[in-house]
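Here is the structure we will look at.
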Amino acid sequence: MRRQVPLVLCFAFGIVMALTEFSPHQWSKWINEEVIDWALVIGPFALVIAIATLVQTHWTRIRRRTEHWQYSYLVFGGMIIMLLIGIPTFLNKIPFLSKIGLSFGQKSPIFVWLFNHVQVPMDATMFSLLAFFIASAAYRAFRARTLEATLLLGAALIVMIGNVPIGDFIWNAVMPFGENLPSDARQWILDNPNLSARRGIILGISLGVISQSIRIILGIERSYLGGVEGE
Amino acid sequence: MEWVEIMETVGIWVAALLTLCIYSFLYRDNPFYRFAEHLFVGISVGYFTVLTIHQGLIPFAWDPLAAAFKEKEWVGLVRFIPIGIGLLFFARLAPTHAWLIRYPIAILIGVGSGLAIPNVMRADIFRQIHGTLTPFAELHASGWALGPFQIFGIILMLVGVISTLTYFFFSVEHRGVVGGVSKVGIVFLMIGFGSAFGNTVMGRVSLLIQRVDFLLADWLHLI
């Protein structure tokens, strides 16, 4: 009951989805679309568990007064504001709230403002921070000691120099031959050796995904059930 | 000043100060960075939760049920089944019934695996092989009229794909011919990783330029 039923469910849903993808019959299409919709309904419930875990973690930090516990209030504050403004669209029907300019839902001006002026800038800044760390790590780790390391370093340098206009500008000013060579070399690397390596990797990953999917559907791979055998 | 303009100005100030708070981490971990970091986590979780509810639960669960009761489209009542299955996720909160969480997980994994087989075959395997081999058909159709550089590129692509795949083929010991081909695969892989690294760095640098441009142009009006 605890392990067999999930295995049967996984097998049934896996087989149904794999077979209905190949059949053009209208019933087959209906089943396929209905099951995808079911998955889209079931999936968000997992988010509740994720939020519960986050709340539990930060609540514990506040309760135990661990280091920097005060900042956990910011997590709750940010989350609650977004949820309060984004979810209760039914409040838009209250004339008083509309009259004072308050609207709710994902298209609410306050929600959009918070997204545009808080979420997006912080997201972009967090990722741009990586530019500094990547540069510092590359400076320490990149050494052309072997052929492989030299190739990696060379390809990275050509792609970086070819990516910026100043690369071509300096080349054209200094070298009497090969106009715009850095950007042409970059494009050739991306379109040929890089693409062939990526294709090889994608093919390998795809074959792995298919074999793993078959193992999961047939119940050979059961690690997603967690716990110990017989539980 | 219009209300919208005021909010826009306040927004630019908020965004600029939060940007500086995050960049302060380049000096070292400090209260300003921690403030922005925790606010970012809270806002992001809230934002994606709202998105999930409005683009997942409401159109696929709430609307069909509402239609079932209001317009008597009784087929919508079927959606009670996935809602019930989804609610089993809450069993995780009760240790004695935590095993029930396996039911929704098994269904989601089954659906994902079932969808993956045909879609990965179609979108990745067939398309990649098609992209690798089609140039040979074009070459043949043109009566080998392409330039030597293009012909070299087409052959190089095939050699790269086969040698990269050989490198990841562990069922045979990498000795002799297989070892040689896999070494060629390493060359292609290193160039591929180098290019990926270069592109990643440039992507991050572009973001940095965009943030600095925002600070200097939109906020301080210096440029």
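Proteins get letters first, then strands, A, B, ... in listed order; numbering begins at 1 in each. Note that the structure is a prediction, hence the values are computed from the model and not measured. What you see below is based on every heavy atom in this structure, not just the backbone, and it leaves out hydrogens, waters and symmetry mates.
Using a 4.5 Å heavy-atom threshold, the side chains of Leu57(B) and Phe45(A) count as touching. Counting heavy atoms from C-beta outward, Phe22(A) and Pro118(B) have side chains that approach closer than 4.5 Å. In this structure, the side chains of Met202(B) and Val164(A) come closer than 4.5 Å at one or more pairs of heavy atoms. Residues Leu156(B) and Pro193(A) have side chains in contact (heavy-atom distance under 4.5 Å, counting atoms from C-beta outward). Counting heavy atoms from C-beta on, the side chains of Arg199(A) and Thr164(B) never come closer than 4.5 Å.
Residue Ile186(B) touches chain A through its side chain alone, counting heavy-atom pairs closer than 4.5 Å. With a 4.5 angstrom heavy-atom cutoff, Tyr33(B) touches chain A only via side-chain atoms. Within the 4.5 angstrom heavy-atom criterion, no atom of Arg127(B) approaches chain A. Both the backbone and the side chain of Asp123(A) come within contact range of chain B, judged by heavy atoms closer than 4.5 Å. Residue contact with chain B, scored on non-hydrogen atoms closer than 4.5 Å, is absent for Ile205(A). Heavy atoms of Phe60(B) lying under 4.5 Å from chain A belong to its backbone as well as its side chain. Only the side chain of Trp113(A) comes within contact range of chain B, judged by heavy atoms closer than 4.5 Å. Contact annotation for Glu8(B): both backbone and side-chain heavy atoms come within less than 4.5 Å of a heavy atom of chain A. For Arg92(B), the part lying under 4.5 angstrom from a heavy atom of chain A is the side chain only. Heavy atoms of Ile22(B) lying under 4.5 Å from chain A belong to its backbone as well as its side chain. Only the side chain of Leu47(A) comes within contact range of chain B, with at least one heavy atom under 4.5 Å from a heavy atom of that chain. Contact of Val10(B) with chain A is made through backbone and side chain together, with heavy-atom distances under 4.5 Å. With a threshold of 4.5 angstrom between heavy atoms, Thr89(A) approaches chain B through side-chain atoms but not through N, CA, C or O. Looking at Phe133(A), the atoms closer than 4.5 Å to chain B (heavy atoms on both sides) all sit in the side chain, from C-beta outward. Proximity to chain B (any heavy atom under 4.5 Å) is restricted, for Phe111(A), to the side chain, taken from C-beta onward. Looking at Ile53(B), only its side chain comes within 4.5 Å of chain A, counting heavy atoms on both sides. Using a 4.5 Å cut-off between heavy atoms, Val48(A) touches chain B through its side chain atoms alone. For a residue to count as touching a neighbouring chain, one of its non-hydrogen atoms must lie under 4.5 Å from one of that chain's; by this rule Val159(B) does not touch chain A. Using a 4.5 Å cut-off between heavy atoms, Val209(A) contacts chain B through its side chain alone, with no backbone atom that close. Contact annotation for Phe132(A): only side-chain heavy atoms (C-beta onward) come within less than 4.5 Å of a heavy atom of chain B. If you measure heavy-atom distances from Ser163(B) to chain A, you find no contacts under 4.5 Å at all. Neither the backbone nor the side chain of Phe76(A) comes within less than 4.5 Å of any heavy atom in chain B. For Leu19(A), no part lies under 4.5 angstrom from a heavy atom of chain B. Heavy atoms of Ile81(B) lying under 4.5 Å from chain A belong exclusively to its side chain. Using a 4.5 Å cut-off between heavy atoms, Ile49(A) contacts chain B through its side chain alone, with no backbone atom that close. Heavy-atom distances place the side chain of Leu190(A), and not its backbone, under 4.5 Å from chain B. With a threshold of 4.5 angstrom between heavy atoms, Phe169(B) does not approach chain A through any atom at all. If you measure heavy-atom distances from Pro31(B) to chain A, the contacts under 4.5 Å come from both the backbone and the side chain.
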(message) Could you go through Ile117(B) and Ile217(A), starting from their C-alpha distance and side-chain angles, then the distance that decides it, and tell me whether this counts as side chain to side chain contact (heavy atoms under 4.5 Å, CB included)?
(response) CA-CA 11 Å; Ile117(B) 296 171; Ile217(A) 290 171; 3.8 Å; yes

(message) Determine whether Met82(A) and Thr49(B) satisfy the following criterion, side chain to side chain contact (heavy atoms under 4.5 Å, CB included), listing intermediate values before the conclusion.
(response) CA-CA 9 Å; Met82(A) 292 302 267; Thr49(B) 307; over 6 Å; no

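Aromatic ring centres of Tyr71(A) and Phe35(B): separated by at least 6.0 Å.
Heavy-atom pairs under 4.5 Å with chain B were tallied for Leu157(A), Asn194(A), Leu147(A), Leu74(A); the largest tally goes to Leu74(A). Counting heavy-atom pairs closer than 4.5 Å to chain B, the top residue among Ala124(A), Gly204(A), Ala39(A) is Ala124(A). In terms of non-hydrogen atom pairs under 4.5 Å with chain A, the most contact-rich of Gly86(B), Pro64(B), Gly203(B) is Gly86(B). Among Ile134(A), Asn116(A), Leu129(A), Val16(A), the residue making the largest number of heavy-atom pairs under 4.5 Å with chain B is Leu129(A). The candidate from Ile42(A), Val159(A), Leu152(A) with the greatest count of non-hydrogen atom pairs under 4.5 Å with chain B is Ile42(A). Interface check for chain B: of the options Ile36(A), Ile201(A), Ile189(A), the most heavy-atom pairs under 4.5 Å are formed by Ile201(A). Chain A forms the most heavy-atom pairs under 4.5 Å with one residue out of Ile191(B), Val41(B), Thr52(B), and that residue is Ile191(B). In terms of heavy-atom pairs under 4.5 angstrom with chain A, the leader among Met190(B), Met7(B), His38(B) is His38(B). If you tally non-hydrogen atom pairs under 4.5 Å between each of Phe11(A), Phe115(A), Trp38(A), Phe13(A) and chain B, the highest count goes to Trp38(A).
Here the CD1 atom belonging to Ile101(B) is positioned 12.0 Å from the CG atom belonging to Leu225(A), to the nearest 0.5 angstrom. Gln106(A) CD to Tyr47(B) OH: the interatomic distance, rounded to the nearest 0.5 Å, is 7.5 Å. For the atom pair CE of Met121(B) and CD1 of Ile210(A), the computed distance is 4.5 Å after rounding to the nearest 0.5 Å.
Between Phe197(B) and Phe142(A), the ring planes are tilted. Angles from 30° to 60° get that label. The aromatic rings of Phe152(B) and Trp188(A) lie parallel to each other, with less than 30° between the two planes, well short of the 60° mark.
Side-chain atoms of Ser44(B) and Gln119(A) form a donor-acceptor pair, as typed in the model, at a separation below 3.5 Å.
The one candidate from Ile105(B), Ile107(B), Ile85(B), Ile109(B) that meets the side chain to side chain contact (heavy atoms under 4.5 Å, CB included) condition with Leu9(A) is Ile107(B).
Between the His54(B) side chain and the Gly86(A) main chain, a donor and an acceptor come within less than 3.5 Å of each other. With Arg102(B) contributing its side chain and Arg2(A) its backbone, the two residues share a donor-acceptor pair below 3.5 Å. Using modelled atom types, no side-chain atom of Arg204(B) and backbone atom of Leu130(A) make a donor-acceptor pair closer than 3.5 Å.
Between Arg79(B) and Glu34(A) there is a salt bridge, since at least one side-chain N of the basic residue sits less than 4.0 Å from a carboxylate O of the acidic one.
The 12-atom threshold is not exceeded at CH2 of Trp27(A), counting heavy atoms of other residues, nucleotides or ligands nearer than 6.0 Å.
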